[in-house]
Amino acid sequence: MSDDFGSTPVGSCSVETIAALLGYGLEEGTIQALCEPDVGTGCTSTDNCMFQYLMGATAEAQGTASDVGIGLDVSFLLFSGYLVFIMQLGFAVLCAGSIRSKNCMNILLKNMLDACVGAIGFYLFGYAFAYGHKYGQNSNGFIGNWNFALSYTTQTSMSGTEFTTFGWHQFFFQWSFCAATTTIVSGAVAERCTFMAYMIYAFFLSSFVYPVIVHWVWDSQGWLSAFNTFQDGYALILKTGAIDFAGSGVVHMTGGFAALMGAAIIGPRLGRFTSDGAVNEMKGHSSTLVVMGTFLLWFGWFGFNPGSNLVVASQAAATVVSRVAVTTALAGGAGGISMLFYKFLTVKAWDVVATCNGILAGLVAVTASCSVIEPWAAIITGAIGPIVFCAADYLVLYTLKVDDPVSAFALHGAVGAWGVLFPGFLAAPAYVVEVYGAYGFGMDAEAGKRFGLFYGGHGQVLLVQFIEVLAIAGWTCVMMGGFFLLMNLAGLLRVPMQEEMTGLDITNHTKRAGSATQANGGKYEPHESWRRPGMEPVMEPATNTSSSASDNEKADPK
């Protein structure tokens, strides 16, 4: 500070006012900014100057707090996306352990391609179809129509306009979900799907089929969305909209029903069924990999479910996020215990791989309702999930005769549907208002009884949940069923019989490819793993003797 500052008036401030401001600890530059009419506010008295100073300081503090809050929300969403993405490793090792060793390398590469191909498809088209609409305009209830190849995200991220809504972090988080959906199908068509068909399927699902369902349920324009409040402040459909917080329907049902279509159309693996329709066991080769994959997926689920709140930088948001983490943990635990004792009562054995399936079934079951149910209700839905899984798995394999090596439909399609329906029974009134009340359910959600039936709610919540199940199942079966059917008719879906029997690792991933047929002057001889002790090679083996490392049942990722 200069020695003579305050000896003469500054702008509209007298010497006495300047002296008082100096006494309050204000610096020379701050006083000049307050007193100079051309620079600052042109205050005239001590009280007026201090009022202007405090107002400016408050605004600056609020701006700083807002920036910190945005940074915290963005960091939370990115970190949640990182956790969801690590689930890709869980998928990979679990699928690898759930199939026979001769196809292990092949399924690992296909799981990698899910993320690779899905990233490009979701970038070019998927994100726009899911959430795209022009600034200040609406899209439509069926599909988004803006921001292809992140064109608008690039603009808004540079200018700061709507960064929290359309920033890079939003795309990354949503892509991690898309990658998880795409990976669900990989195990269902394992050991017999061609690379070409697999890559095309991954692109089609990630760029169109899955994003359309996202738009329906999660975008503010979607016809099923609880956030579509353009009709008198209530959701478009039955004044509630669908409760699918993290995607029991959007993610798991989509992947599960796509898996069912793929497994049914591609046909069973050679030797899966005998000539009279009996089921031959084809067990996975490594229960160790199955357990590792299960824990990786459970870990990733703590980004999958809590991260779906999208924000955390307030006490209200933090309350929802922490409750979701608790319900997720309890549902997974209940699913594992339920399956453990169910298997012991039915087969008199403690089955480790079945327990892994139970854990994952519990997690799938709670994914839709995790934000609107009590912890004890999470235990209920988690415990019922494995029962739904076992019933659906038996139906698919023994009744429909569909060979799904990792039970992808049973876990994701059937249990996912159960998870979607569950909020219609036990969505707690206070939690519905807390999570959705300001959106599609309206602030009178409690008075309007728009919550679970067992709490005395009306049936419209359960009805909307049922409509979501039908809509997702219908859309996915038509689109993916048509796709797999066309691939099959074109002869692009399934590998040749010789490659399947030899093993896709040898025929596709080593320099020995084709050696099985080149021996004996081109005469084909089945791989050694297809021999029965004391017998000649057969075309329909009853067991897979190469998978002796594990005698457990198949399991499926998330």
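Position 1 is the first residue of the sequence, and the numbers go up from there. Any value given below was found using the heavy atoms of this structure, including those in side chains, with hydrogens, waters and symmetry copies removed. What you see is a predicted model, and the numbers here were worked out from it, not measured in a lab.
Once rounded to the nearest 0.5 Å, the distance linking CE of Met487 with CE of Met480 reads 10.0 Å. In this structure, Ser206 OG and Tyr201 OH are separated by 8.5 Å, a value rounded to the nearest 0.5 Å. For the atom pair SG (Cys390) and CG (Leu411), the distance works out to 10.5 Å, reported to the nearest 0.5 Å. Taking CZ of Phe129 as the reference point, atom CG of Asn147 lies at 12.0 Å (rounded to 0.5 Å). Interatomic distance, OH of Tyr123 versus CG of Leu150, reported as 6.0 Å (0.5 Å rounding). Here the straight-line distance linking atom CE of Met87 with atom CZ of Phe299 works out to 11.0 Å at 0.5 Å rounding.
Leu94 approaches Leu297 most closely through the heavy-atom pair CD1-CD1, 3.9 Å. Closest approach of Val217 to Ala242, counting heavy atoms only: CG1-CB, 4.4 Å. Closest approach of Asp244 and Gly249 over heavy atoms only: OD2-N, 3.0 Å. Minimum interatomic distance between Val469 and Met253 (heavy atoms only, all atoms of both residues): O-CE, 3.5 Å. Here the shortest heavy-atom pairing between Trp223 and Ile237 reads O-CG2, 3.6 Å. Shortest non-hydrogen contact noted between Ala188 and Ala259 is CB-CB, 3.5 Å.
Side-chain contact between Tyr342 and Thr346 is present, with at least one heavy-atom pair separated by less than 4.5 Å. Contact annotation: the side chain of His285 approaches that of Leu289 to within less than 4.5 Å [non-hydrogen atoms, C-beta and beyond]. Proximity of Phe173 to Trp168: side-chain heavy atoms (C-beta onward) are nowhere separated by under 4.5 Å. Asp219 places none of its side-chain heavy atoms less than 4.5 Å from the side chain of Val214. The shortest side-chain heavy-atom distance between Lys110 and Cys193 falls under the 4.5 Å cut-off. Looking at heavy atoms from C-beta onward, Thr367 lies out of side-chain contact with Val251 at the 4.5 angstrom threshold. Put simply, the side chain of Ser248 does not reach to within 4.5 Å of the side chain of Gln465, judged on heavy atoms. Residues Tyr198 and Thr194 fail the side-chain proximity criterion, which asks for heavy atoms closer than 4.5 Å.
Using modelled atom types, no side-chain atom of Thr476 and backbone atom of Ala473 make a donor-acceptor pair closer than 3.5 Å. Within the 3.5 Å criterion, the main-chain N or O of Gly277 finds a donor-acceptor partner in the side chain of Lys401. Side-chain atoms of Asp404 do not come within 3.5 Å of backbone N or O of Leu397 as any donor-acceptor pair. Checked by atom type and distance alone, the side chain of Ser207 never pairs as donor or acceptor with a backbone atom of Gly121 at under 3.5 Å. Judged by distance alone, the side chain of Ser338 and the main-chain N or O of Ala334 form no donor-acceptor pair under 3.5 Å. With hydrogens and angles ignored, the 3.5 Å screen pairs no side-chain donor or acceptor of Asn305 with any backbone N or O of Val324. Here the side chain of Asn103 pairs no donor or acceptor atom with the backbone of Asn106 at under 3.5 angstrom. No donor-acceptor pair closer than 3.5 Å links the side chain of Asn309 to the backbone N or O of Val321. Listed for the Lys283 side chain is no donor-acceptor partner under 3.5 Å among the backbone atoms of Ser98.
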Begin from the C-alpha positions of Leu78 and Tyr82 and carry the test side-chain contact (heavy atoms from CB on, under 4.5 Å) through to its verdict.
CA-CA 6 Å; Leu78 287 174; Tyr82 304 152; 3.7 Å; yes
Does Val93 form a side-chain contact (heavy atoms from CB on, under 4.5 Å) with Leu296? I'd like the steps, not just the answer.
CA-CA 9 Å; Val93 297; Leu296 281 169; 4.2 Å; yes
Give the intermediate values and the outcome of side-chain contact (heavy atoms from CB on, under 4.5 Å) for residues Leu77 and His169.
CA-CA 7 Å; Leu77 200 60; His169 56 294; 3.7 Å; yes
Go through the steps to decide whether Ser186 and Cys95 satisfy the test side-chain contact (heavy atoms from CB on, under 4.5 Å), and finish with yes or no.
CA-CA 8 Å; Ser186 63; Cys95 281; 4.0 Å; yes
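Checked against side chain to side chain donor-acceptor pair (under 3.5 Å), Gln174 has the following partners two or more places apart in sequence or in another chain: Tyr131. For Tyr127, the side chain to side chain donor-acceptor pair (under 3.5 Å) test picks out no residue, with sequence neighbours left out.
Arg269 has a carboxylate O that lies under 4.0 Å from a charged side-chain N of Glu191, or vice versa, which qualifies the two as a salt bridge. Using a cut-off of 4.0 Å between Lys/Arg side-chain N and Asp/Glu carboxylate O, Arg272 and Asp403 are scored as salt-bridged. Glu500 and Arg494 are joined by a salt bridge, as a carboxylate oxygen and a charged side-chain nitrogen come within less than 4.0 angstrom of each other.
Counted by atom type alone, Ser407 and Asn357 present zero donor-acceptor pairs between their side chains at under 3.5 Å. Side chains of Asn111 and Thr183: no donor on one and acceptor on the other come within 3.5 Å. Tyr398 and Asp393 share no side-chain donor-acceptor pair at under 3.5 Å. For the residue pair Asp114 and Thr182, no side-chain donor N or O sits within less than 3.5 Å of a side-chain acceptor on the partner.
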Counting only pairs under 3.5 Å, give me each side-chain donor-acceptor contact of residues 415-427, with atom names and distances, residues two or more places apart or in other chains.
unit_1 : atom_1 : unit_2 : atom_2 : d
Trp418 : NE1    : Thr381 : O      : 3.4
Trp418 : NE1    : Thr381 : OG1    : 3.2

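When ring centroids are compared, Tyr210 and Phe177 stay outside the 6.0 Å threshold. Ring-centre distance between Phe344 and Trp350: below the 6.0 Å cut-off. Aromatic ring centroids of Phe304 and His252 lie under 6.0 Å apart.
The environment of CZ in Phe195 is crowded: more than 12 heavy-atom neighbours from other residues, nucleotides or ligands sit within 6.0 Å. Heavy-atom contacts from other residues, nucleotides or ligands closer than 6.0 Å to CZ of Phe295 number 12 or fewer. In Phe148, the CZ atom is crowded: over 12 heavy atoms of neighbouring residues, nucleotides or ligands sit closer than 6.0 Å. Counted within 6.0 Å of CZ on Phe203, heavy atoms from surrounding residues, nucleotides or ligands total more than 12; the atom is thus considered enclosed.
When Val185, Leu205, Ile184 are each tested for a side chain to side chain contact (heavy atoms under 4.5 Å, CB included) with Thr254, only one passes: Leu205. Between Phe208 and the choices Phe125, Phe122, Trp475, Phe483, the ring pair (Phe, Tyr, Trp, His ring centres under 6.0 Å) rule is met once, by Trp475.
Ring geometry for Phe302 against Trp298 counts as parallel: the plane angle stays under 30°, on a 0 to 90° scale with 60° as the upper cut.
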